[in-house]
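For reference, the structure discussed in these notes is given below.
Note that these values count all heavy atoms, side chains included, but never hydrogens, waters or copies made by symmetry. Remember, it's 1-based here, ligands and their atoms both numbered in the order they're listed.
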Amino acid sequence: MKLKNSTSKIRDLSIEIDKLRMPHHVAIIMDGNGRWGVNKGLTRSHGHNEGVSVLKNIIKFSKKLGIKILTIYAFSTENWIRPHEEVSFLLNLFKKVLDDEIIELNKELIKIKFIGDLSPFSEDLRKKFTEAENITKNNDEFTLNVCANYGGRQELVKVAKELAMRSISGEIKPDQINEEMFESHLYTGDLQDPDLLIRTSGEKRISNFLLWQLAYSEIYVTDVLWPEFNENEFLKAIIDYQSRSRRFGGIKSISNQSLTSSMSFG
Ligand code: IPE
Ligand code: IPE
Ligand code: MG
């Protein structure tokens, strides 16, 4: 009964979507797992597990909607300060999800990339990251960027260091450094910046996510905790996004590109 209701709601909202103005790239701060677990009288870990199920649905749904890139914040450079048990639970969850899901992701023609400073992770986990990237590297339907030990400040410092090294070696002159060159050193490389940033759980902050790339993204914050986020909530975010006037510093609204000829709601 519950499923039937939520399916009919999805159909209703999907009518309001402008298929020609879909965001190309959506970034998500999946927040509120711990609170969800505790609110339910369970543990924070239950919230993280539930969060993974939601993520699986949202990946599939994004692809179906014609979105091309999804960038998710899975573990920040600051999350290491959490209790040891929670950090190790999250690291094991990474492993488990990769073991369980990589074949399915590949079947769905999804390219997976890990973004962040991966060096502090165990060799075993890093091997799994590389394997997943290699298995899916030729998929071009949809890109899933998983931000792991990611921090916007760390990323900007990384770029500064790399450019300094190139200058010292004489490969480039400091004068030649411009936004384009800087951008090419980001983890996201030549990917288009996110059009839409969604943050769940009501916190109105960036928490060190994609500091450069979010310069002109539209921000949508919902009070819904990540384990309760679903297709319907995602459609609400997109409808809200489509109501925005994106001016990029100018005075005229610049419409979003149309990319969704393959869109269907089955
Ligand atoms: C987001 O949920 C997941 C990670 C940061 C890994 P939280 O774990 O931050 O959940 P809350 O915000 O404490 O409820
Ligand atoms: C941001 O959430 C990081 C991830 C979702 C991975 P946090 O829960 O770590 O952020 P704060 O502490 O509320 O700013
Ligand atoms: Mg949080």
So if I only count non-hydrogen atoms and take anything under 4.0 Å from ligand 2, which residues does that give, chain by chain? Ile29, Met30, Asp31, Tyr73, Ala74, Phe75, Asn79, Arg82, Arg199, Arg205, Ser207

Can you list the protein N, O or S atoms less than 2.8 Å from the Mg ion (ligand 3)? Asp31 OD1

Pairs involving residues 152-166, ordered by first then second residue, that meet side chain to side chain donor-acceptor pair (under 3.5 Å) (sequence neighbours left out): Tyr150-Glu155, Gln154-Tyr187, Glu155-Gln213, Lys158-Glu162, Glu162-His185, Arg166-Glu171, Arg166-His185

What residue pairs, at least two apart or across chains, pass side chain to side chain donor-acceptor pair (under 3.5 Å) with a residue in residues 130-139? Asn106-Asn139

Between [X] (side chain) and [Y] (backbone), is there a donor-acceptor pair under 3.5 Å?
X: Arg199; Y: Arg205; value: yes
X: Gln176; Y: Lys173; value: yes
X: Trp226; Y: Gly51; value: yes
X: Ser217; Y: Pro194; value: yes
X: Thr200; Y: Leu225; value: no

Check the side chains of Asn149 and Trp80 for a donor-acceptor pair under 3.5 angstrom, ignoring hydrogens and angles. yes

Between ligand 1 and Trp36, is the shortest N or O to N or O distance under 3.5 Å? no

Atom NZ of Lys113: over 12 foreign heavy atoms under 6.0 Å: no

Is it the case that atom CE in Met181 sees more than 12 heavy atoms from other parts of the structure closer than 6.0 Å? yes

